[in-house]
Number of protein chains: 2
Amino acid sequence: MNADEGRSREAVEAARSSGTLHGELLAALRDFIVEGHLEDGVRIPERALCERFSISRTPLREALKVLAAEGLIELLPNRGARVRELSAADLRELFDVMGGLESLAGRLACERITDAEIAEIERVHHEMYHFYLRRDVHGYFRCNQAIHQMIVAAAGNTLLASTYAGLAGRIRRVRYAANLAKDRDRLSEAMREHEAILDALRRRAGSELSDILFLHLRNKLKAAQPAA
Amino acid sequence: MNADEGRSREAVEAARSSGTLHGELLAALRDFIVEGHLEDGVRIPERALCERFSISRTPLREALKVLAAEGLIELLPNRGARVRELSAADLRELFDVMGGLESLAGRLACERITDAEIAEIERVHHEMYHFYLRRDVHGYFRCNQAIHQMIVAAAGNTLLASTYAGLAGRIRRVRYAANLAKDRDRLSEAMREHEAILDALRRRAGSELSDILFLHLRNKLKAAQPAA
DNA sequence: CTTCTAAAGAATGAATGCAAAATTACGTGA
DNA sequence: TCACGTAATTTTGCATTCATTCTTTAGAAG
């Protein structure tokens with residue numbers, strides 16, 4: 001019997017989240033790492049993680065292999081796992097690819113986004129503007145993230161969404177918010193860019209939005225990494 | 001992943017070369033699947049693969065988990081692994097994301113590509129044109145693949161390259177070449193698009209090339225899937 | 001003959017055990 | 001005191017084993 005598409009997808013999701021010990025452990029470990037509970041570059045003994053999560057080494061090692069494949073950790077032969085450090089070059093590559101994905105998201109979103117979805121993004125945009133005026137950096141960034149997330153969601157491409165989420169997880173470990181917050185000029189520049197994003201989105205100007213979003217990410221990187 | 005999905009290159013390369021069973025097995029299995037030696041959707045008994053590769057289940061299962069994370073296979077809880085079937089929707093998503101990545105690759109390539117690299121691409125382009133005139137579909141597609149690969153390489157972003165390679169592997173299983181080959185109009189249209197790609201590349205017109213490449217992939221999908 | 005049930009068989013998920021490699025600890029010599 | 005070589009401990013990689021779940025099949029009832 002041929003498994004139909006919807007059913008296999010559900011099954012995969014089920015496997016990933018619940019049911020198997022491996023799946024839950026994988027999600028838990030991922031959060032654990034993304035939230036920065038492990039130092040960069042230091043060795044992570046398997047035994048310690050086993051005790052931490054009350055589990056045997058077999059499922060743990062499976063999860064580590066997957067996390068290595070996702071790029072969150074490094075697995076050196078016979079030398080165990082360590083949280084992957086991001087060099088300046090790595091960060092640049094990450095931002096560029098994220099930019100490419102957001103660029104794609106904008107293009108796709110223009111093809112299918114509804115007026116209601118645009119209105120919702122505009123709502124968050126105005127909220128963000130409010131935070132901007134009040135210098136509430138934390139609130140500002142939350143709205144910022146939300147807007148980009150909404151554009152990706154509006155693209156209606158699950159592969160894009162999951163790929164984007166994976167890279168976003170890697171970046172989340174980097175504390176670049178502080179750098180961005182200090183640069184007031186960058187903040188207002190970003191606001192203007194977001195205005196342009198919304199404008200292009202309203203006009204469903206996919207190609208144009210694509211450009212804007214890529215450059216937006218480029219500028220974000222520049223602000224985060226003045227050294228580069 | 002990074003070699004593939006953004007996984008750490010050093011670790012993966014080390015694992016692959018330094019004779020860790022898991023690394024070699026992973027690569028072998030990936031090739032084995034990508035080259036289509038396993039039927040879509042049918043159950044893959046672990047025992048059979050163990051015997052096929054003369055190893056125990058532990059490293060095999062680790063490799064399967066990674067392949068599942070890469071999206072090549074499905075792992076259903078307590079029901080084993082099967083090669084993932086691509087629905088029409090999946091294929092559309094794949095092509096769009098590949099289009100986004102190639103679009104990004106073109107943009108980045110325009111920033112850093114050398115005249116020598118462009119000349120090399122032109123060389124393959126003319127070779128491809130030759131195959132096109134002689135109706136040598138096989139040679140045509142090889143050149144086609146090579147050109148896209150060269151653009152991605154010229155982007156100089158290892159994360160982009162590995163992500164792209166991962167998705168390309170998933171698509172490689174789909175035999176769309178036959179469909180494309182039948183449509184002679186599509187072939188000449190593709191040739192014209194490739195001319196435009198080269199032209200934009202010569203002018204280092206990143207934004208323009210970005211558009212062309214995305215649409216090029218869109219048209220490729222349309223040709224491969226007239227039903228959609 | 002079909003269909004439902006249940007038990008036997010097979011496959012997967014996880015834990016443990018063992019060998020090889022690496023890291024650490026220790027002792028010797030300068 | 002420091003450098004170096006060697007042995008002990010730790011850690012990783014893989015195989016094996018046990019437990020649980022799924023699949024298949026034999027059998028009985030309708």
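Chain A is the first sequence line, chain B the second, and so forth, proteins listed ahead of strands; every chain is numbered from 1.
Side-chain contact annotation: Y164(A) with E102(A), donor-acceptor N/O pair under 3.5 Å present.
Nucleic acid contact for L60(B): none, since no nucleic acid atom lies under 4.0 Å from a heavy atom of the residue. Across all strands, L64(A) comes closer than 4.0 Å to no nucleic acid atom at all (heavy-atom distances).
Toward the 5' end of DNA chain C, the nearer of the two residues K65(B) and R43(A), judged by each one's closest nucleotide, is K65(B). The residue among R79(A) and N78(B) whose nearest nucleotide of DNA chain D lies closer to the 5′ end is R79(A).
The separation between R47(B) atom CZ and dT23(D) atom P is 17 Å, rounded to whole Å. In this structure, the CD atom of E51(B) is 13 Å from the P atom of dT16(D), given to the nearest Å. The distance from atom CD of E46(B) to atom P of dC22(D) is 15 Å, rounded to the nearest whole Å. A straight line from CG of L49(B) to P of dC14(D) spans 16 Å, rounded to a whole angstrom. What separates CG of L75(A) from P of dG13(D) is a distance of 6 Å, to the nearest Å. Between R57(B) atom CZ and dT17(D) atom P the separation is 13 Å, expressed in whole Å. Rounded to whole Å, atom P of dG13(D) lies 14 Å from atom CG of L25(B).
Taking CD1 of I44(B) as the reference point, atom CD1 of I33(B) lies at 5.5 Å (rounded to 0.5 Å). The CG atom of L64(A) sits 11.0 Å away from the CG atom of L72(A) when rounded to the nearest 0.5 Å. Taking CG of L213(A) as the reference point, atom CG of L104(A) lies at 10.5 Å (rounded to 0.5 Å).
Tested against V83(A) for a side chain to side chain contact (heavy atoms under 4.5 Å, CB included), the candidates E39(A), E74(A), R173(A) yield a single pass: R173(A). With R57(A) as the partner, the salt bridge (Lys or Arg N to Asp or Glu O under 4.0 Å) test is satisfied by one option alone out of E46(A), E62(A), E51(A): E46(A).
Contact check, S56(B) against dA15(D): a side-chain N or O comes under 4.0 Å of OP1 or OP2.
Counting only heavy atoms from C-beta outward, the side chains of D90(B) and R170(B) never approach each other to under 4.5 Å.
Across the helix from dC1(C)-dG30(D) to dA30(C)-dT1(D), the helix axis at one end is tilted relative to the axis at the other end by 10° (nearest 10 degrees, each axis from five pairs).
Along DNA chain C, the stretch of nucleotides lying under 4.0 Å from any heavy atom of chain A spans, 5' to 3', dA14(C) to dT23(C).
Aromatic ring orientation, H148(A) versus H216(A): parallel (interplanar angle below 30°, classes split at 30° and 60°). Ring pair H194(B)/H125(B) is parallel by interplanar angle, where below 30° counts as parallel and above 60° as perpendicular.
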